[in-house]
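Residue numbers start from 1 in every chain, and the chains themselves are labelled A, B, ... in the order their sequence lines are given, proteins ahead of strands. On a predicted model such as this, the values are computed, not experimentally measured, just so you know.
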There are 2 protein chains.
Amino acid sequence: MFLSKTCAYAVRSLLLVGQHRLEEENGKIGLRTISERLEIPTHFLGKILQTLTKHGLLSSAKGVSGGFYMTDEQLRNPLMTVVKLIDGSDVFEKCGIGLATCSEQRPCPVHYAFKPLREKMLKTFESETIESMVKSLNSGDTFLVV
Amino acid sequence: MFLSKTCAYAVRSLLLVGQHRLEEENGKIGLRTISERLEIPTHFLGKILQTLTKHGLLSSAKGVSGGFYMTDEQLRNPLMTVVKLIDGSDVFEKCGIGLATCSEQRPCPVHYAFKPLREKMLKTFESETIESMVKSLNSGDTFLVV
DNA sequence: CCAATAAAAGACAAGAAGGTCTTTTATTCA
DNA sequence: TGAATAAAAGACCTTCTTGTCTTTTATTGG
Ligand code: FES
Ligand code: FES
C-alpha cells in the first residue's frame, strides 16, 4: 500500500471520531467501539490513538464516560499532518527507484514521471482535511466501511 | 517508499545491465560489479537477480566469463513487469486507506483523489520500458548513480 | 470515598522485509 | 581434465511492522 497499515488505521479512526462528533454533540467514542466498527485490532489501535493524542491530532478523556473526541481545530487538520506523523514524508520526497537523492540536477529515469504525481498527491493531502472528508462521508458520497 | 527496496534494487540492476549491453556488444556483467556500482548488498542482490532470471526478465550464464545480460526482448519489458513480479500490484489496486475493497460503488473519502493518480502511475509503468529508460540514461538526460 | 470505567503504558510475540554467510552446481579454457 | 570462475541455492540472522496481553493511572458518578 501507499500508506502503511498503521497510517491507514489512524486516518480511518480520525474520520470515524470526526463523524461521531457531528452526530452527537460533545459525544466521545471508546477505543473498543472504534476498533469494532473499523475492524482494527483493539490494542494495536490503542497505541496508534495514543500517538495521535500525544501529538495533538486527537483528544481523549480517561475514566467513566471517557473516550476519544476531536475539537474544531483538530477537525481542520489536513490529511498530510497524519501521514507525516505516522509514515513521515519520505514517500513524497525520496527517489522512486531509491537513489540517494532526488534532484533535478541528476534525475533518475523515472524522475519526470514520478515527481509530478508525487507532488499532486502531496497537494491533495495538504488540502483535504478530516473535516472535508467527514463532510463527504456525511453527505453519503463516500464510505468508511465496506 | 512507493516501491519496496527490493523492487528498486531490481529496477536499477536491470537498467545497469541494459546499459552495459549497448556499451559492449554481448558483454556480460557480474553480480559483484553490479552490487558495487549500485551500492547494493551483494548476496541480497544475488537473490533478486535470481528471481528476475527465473522469471525471464534477465538472462544469466554460469562459470568463467559468465554473468548477467539481457536479450532484445528483455530490454523491451515494461517497468510494470518488474514491479508486478517483485511488489505485486496491490499498490495500484487497493484502497488508499485500507478498506477491504476499492470500488466506485462505495468509494472511500480519498478515492477520488487517489484513483486517478494511481492509474496515471500504472500507465507510466506500462509504457516505460527498460529500453526507453536506458536510452534516456545513455543520452545523458538521466542518471543511475548519484 | 470508592468501585467501575477507560485511556495510558509497557512487555512481549509473530511475521515480513532486508541482509549475511556458506555450500552446490554449471561452465570455460589453459 | 581439472582448476578457476560465477551464478544458484540454502541456511541463518537482524530489523521493522504489526499484533497481543497485562498492568497502571486517571476520572467520575453513585
Ligand atoms: S531522482 Fe529518482 S525520482 Fe527524482
Ligand atoms: S475506496 Fe479507497 S481508494 Fe478507492
Spacing between A:Leu45 atom CG and D:dT17 atom P, to the nearest angstrom: 18 Å
Rounded to whole Å, the CZ-C1' distance (A:Arg32 to C:dT5) equals 12 Å
Expressed as a whole number of angstroms, how long is the span from B:Gln50:CD to C:dT24:P? 16 Å
Does C:dG18 have OP1 or OP2 sitting under 4.0 Å from an N or O in the side chain of B:Tyr9? no
For B:Ser132 and B:Glu128, does a side-chain donor sit closer than 3.5 Å to a side-chain acceptor? yes
Could you check which of C:dA7, C:dT28, D:dG10 has an atom nearest any side-chain atom of B:Ser65? C:dT28
How many Å lie between CZ on B:Phe44 and P on C:dT20, as a whole number? 9 Å
Residue A:Glu104 excluded, over 12 heavy atoms near CD under 6.0 Å: yes
Using heavy-atom distances to pick each residue's nearest nucleotide on DNA chain D, tell me which of A:Lys62 and B:Leu31 is more 5'. B:Leu31
Using whole Å, what does the distance between atom P of nucleotide C:dA7 and atom CD1 of A:Ile48 come to? 15 Å
Between A:Ser60 and C:dA8, does any side-chain N or O lie under 4.0 Å from OP1 or OP2? yes
Taking the nucleotide of DNA chain C with the closest heavy atom to each, which residue, A:Gly46 or B:Lys5, is nearer the 5' end? A:Gly46
In this structure, how many angstroms lie between the C1' atom of C:dA7 and the CG atom of A:Leu52, rounded? 14 Å
Are the side chains of A:Leu49 and A:Val17 in contact, using a 4.5 Å heavy-atom criterion? no
So does A:Glu39 have more than 12 non-hydrogen atoms from other groups sitting under 6.0 Å from CD? no
Atom NE2 of A:His43 and atom P of C:dA6 are separated, to the nearest Å, by 14 Å
side-chain contact (heavy atoms from CB on, under 4.5 Å) between B:Met80 and B:Phe92, worked out: CA-CA 11 Å; B:Met80 193 60 197; B:Phe92 300 107; 3.3 Å; yes
State whether A:Thr6 places a side-chain N or O below 4.0 Å from either non-bridging phosphate oxygen (OP1 or OP2) of D:dT18. yes
Hey, which of these two, A:Gly63 or A:Pro41, hits DNA chain D nearer its 5' end, going by closest nucleotide? A:Pro41
Students often get this wrong, so: under 4.0 angstrom with heavy atoms, is B:Thr53 touching a base, only sugar-phosphate, or nothing? sugar-phosphate
Reckon B:Lys47 touches a base, only the sugar-phosphate, or nothing at all at heavy-atom distances under 4.0 Å? base
Measure the distance from OH on B:Tyr69 to C1' on D:dA7 and round it to the nearest whole Å. 12 Å
